[in-house]
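Data block below; observations after.
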Amino acid sequence: MALFTFLLCFSIFLLGLTLYLKRLSKEYYLLAFCKLLKTVDGSKVTDKVYIVPGRTIFGNNFDILNSNPEDIYYWSRDLYQRANGKPYALYYYQGVIYSITSPEAVQEVFQSQTLNAKGILYDLVRPFLGEGLLVSSDQQWHDRRKLLTPAFHFNILQSFIEVFKNETLKLVNLLSAKQDQNMNLNEIIPEFTLNSVCETALGICLDDITGSSEYRRVIHDIELVMVDRTCNPFMYFPWIFKLFGDHKGFYKNLKVAHDFSSKIITKKREEFQKRQFANETVEGNDDETGKRKRYAMLDTLFHAESQGAIYHGGICDEVNTFMFEGYDTTATCLIFTLFNLAVHPDIQEKCYREVKNCDLPSMSIFDFNQLAYLECVVKETLRLQPSVPFISRYCREDTELNGVILSAGSQINIHILDIMHDERHFPDPLKYDPDRFLPENSLNRHPFAFVPFSAGSRNCIGQKFAMLEIKAMLVGILQNFRLLPVTMPEDIRYEYGLVLRTKENILVKMVKRAN
Ligand code: HEM
């Protein structure tokens, strides 16, 4: 009798559980621990979104376990092909990842006033960048963006040009000493872009401060650990990372990077305070024409600090953000541009003809803006090999987007690279063809078809800075050298890092031009 009662109760329990799970499974992908996507109009989700089949019964949670950055790059391209122009979705325990690969689909995100919070991947860079402009959100982001925008004003950029030119001349001298050898661009270029951002935005010459090569090395190692963590969903948990990841190495490297930027801040603050004391800057808010005085980035922060609008920790976060965002992105673009020019001698020749009579030392922003073909070349590189291949947003609340409902906690991955490889807007998308950006060929192009700097309120604050710096370096290099290919396009295997990388370093040969 007792057994019968037990079996009856157990059966009722099982039936109840089954019914409950059945009901729940209308809302959730149970084994993936994730809420299901729905459409706004009740139509089939698969009509609007390609649902990526998981490799295990647990949704997509284990799809990229043990992958490397190269695997992830090519996996993303494969998903793009399979989705055939539709957005695609992956089911992870953290929430749905809704991936956008077309200008039409990204429009709503870039125009949204609310989708400003960054995706959870950015949590992995938080130990490095704190609450700096790249990762922060809400009022803090708004206030900082407002504070820092004037530091990239035209007049400030004009004053940076001298630094870009000096760094270019230093680079040309170094390249002259190595001409006719194979040049490893990944080793040479980042040193100069780091110098440029430090000397302009931070006002410090790295020749006066030790540790810059160590800084670049640790940044690379920090990146490797972060990319490794993105491949393993369990490593998102800080305690699992602490137990099983390279936690110790990561924080050791982080300390080196933070100490390096701290050293810069301390040195510059002393100088700022001395100037303040001498009444040269802070009190003199207005310049002689009566206009509000503008400062370069670090002085803007010190000025805000003197008014209680930001504290030391905030300054450190912004400095780390600008150093990190400002050097690797531009270096990547320069490396790919030089590579593209080396393997396309006809395009290189056209650029050379445009720049050969420029007088670099006397060039102004206006003169750089006149280099129309060079601009097309840089844009085509950013289209084909965008330094930042994808970005991500986080849905704090249930969000309607492109006819689907993303529940709170979902992520929106914006695949900038795929958007800019859309053949409807860029026919034969893998061909390197700067003419696409000539005015007559850009007419009526979708406004979000070319978005290497993102778009909308969270676009890149440093885009004009970057274009100017890249153009200055290209003018100097092209005037002095003919680039010959060593690495060929077929040798390149791309990798996802914090910026777009290649598995092997890119090599070119530079032959001095007869003047
Ligand atoms: C070719 C060079 C560059 C490219 C392709 C690039 C690209 C981007 C992209 C795509 C974003 C959006 C990131 C996101 O939404 O998660 C971004 C944001 C940002 N970039 Fe750049 N960037 C470049 C150069 C620079 C430079 C030179 C600086 C500074 C000197 C800079 C500073 C920033 C900052 C601070 C943000 C965050 C802006 C915000 O959220 O308000 N970038 N950049």
Side-chain angles (χ1 to χ4, degrees), residues 100 106 109-110 112 115-126 129-138 140-149 151-152 156-157 160 163-164 189-190 192-203 296-298 300-301 317-337 375 378-394 411-417 419-420 448 450-474 498-500:
I100 290 179
V106 83
V109 183
F110 283 154
S112 163
L115 277 172
N116 277 335
K118 296 296 179 86
I120 55 171
L121 276 180
Y122 296 70
D123 290 346
L124 303 181
V125 287
R126 216 162 243 130
L129 305 181
E131 287 302 318
L133 205 54
L134 180 72
V135 285
S136 60
S137 51
D138 302 321
Q140 173 163 351
W141 167 76
H142 189 266
D143 292 348
R144 293 273 173 87
R145 178 90 191 200
K146 202 169 152 201
L147 176 72
L148 286 164
T149 296
F152 290 85
I156 297 281
L157 289 182
F160 288 169
V163 174
F164 297 149
I189 302 294
F192 289 88
T193 55
L194 181 61
N195 284 353
S196 288
V197 76
C198 286
E199 214 168 325
T200 50
L202 310 182
M297 184 247 176
L298 190 49
T300 300
L301 293 170
D317 291 347
E318 297 306 347
V319 166
N320 289 323
T321 299
F322 277 79
M323 283 175 70
F324 167 71
E325 275 291 304
Y327 101 94
D328 227 359
T329 47
T330 36
T332 303
C333 176
L334 264 165
I335 291 168
F336 281 122
T337 307
E375 173 128 350
V378 178
K379 282 182 167 172
E380 178 64 347
T381 300
L382 285 168
R383 183 196 71 79
L384 192 61
Q385 294 124 333
S387 308
V388 182
F390 88 94
I391 57 177
S392 180
R393 296 283 186 275
Y394 180 76
Q411 316 264 338
I412 303 165
N413 279 1
I414 301 167
H415 292 270
I416 288 182
L417 186 145
I419 291 174
M420 299 195 298
F448 297 110
F450 178 68
V451 284
F453 297 105
S454 180
S457 59
R458 297 219 65 165
N459 67 355
C460 175
I461 198 171
Q463 53 187 292
K464 291 207 172 88
F465 175 112
M467 287 302 279
L468 211 53
E469 178 186 356
I470 290 166
K471 280 185 183 170
M473 292 228 173
L474 287 174
L498 295 177
V499 292
L500 182 66

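Start at 1 and go down the list; that is how both ligands and their atoms are numbered. Quantities reported herein were computed from a predicted structural model and do not represent experimental measurements.
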Protein heavy-atom partner closest to atom 38 (C) of ligand 1 - residue, atom, separation in Å: R145 NH1, 3.4 Å

Atoms of the protein (N/O/S only) found under 2.8 Å from atom 21 (Fe) of ligand 1: C460 SG

Side-chain ion pair, D123 and R126, N-O less than 4.0 Å: yes

Output field: ring centroids F160/F152 closer than 6.0 Å: no

Distance, nearest 0.5 Å, that separates CD of Q385 from OG of S387: 9.5 Å

Approximate separation, where rounding is to 0.5 Å, of L121 CG and Y394 OH: 13.0 Å

S454 to R393 - nearest heavy-atom pair and separation: OG-NH2, 4.1 Å

Spatial distance of atom CD1 (I189) from atom OH (Y327) [nearest 0.5 Å]: 13.0 Å

Shortest protein contact, atom 14 (C) of ligand 1 (heavy atom only): K118 NZ, 3.2 Å

Sub-4.5 Å side-chain heavy-atom contact between R383 and E380: yes

Close N or O approach (R458, ligand 1; < 3.5 Å): yes

Atoms in ligand 1 with a heavy atom of R393 nearer than 4.0 Å: 15 (O)

Residue, atom name and distance, where the atom is the protein heavy atom closest to atom 27 (C) of ligand 1: F465 CD2, 3.4 Å

Verdict with reasoning, L384 to F336, per side chain to side chain contact (heavy atoms under 4.5 Å, CB included): CA-CA 9 Å; L384 192 61; F336 281 122; over 6 Å; no

Atoms of ligand 1, numbered as shown, that sit under 4.0 Å from any heavy atom of P452: 5 (C), 7 (C), 10 (C)

Which residue and heavy atom of the protein sit nearest atom 16 (O) of ligand 1, plus the separation: Y122 OH, 2.6 Å

Side chain to side chain contact (heavy atoms under 4.5 Å, CB included) assessment of V197 paired with F465: CA-CA 9 Å; V197 76; F465 175 112; 4.2 Å; yes

Heavy atom of N459, distance to ligand 1 below 4.0 Å: yes

Identity and distance of the protein heavy atom lying nearest atom 29 (C) of ligand 1: F322 CD2, 3.7 Å

Under 4.0 Å to a heavy atom of W141 - the qualifying atoms of ligand 1, by number: 39 (C), 40 (O), 41 (O)

Residues S392 and N413: side-chain donor-acceptor under 3.5 angstrom: yes

From L298 atom CG to E318 atom CD, the distance as rounded to the nearest 0.5 Å: 11.0 Å

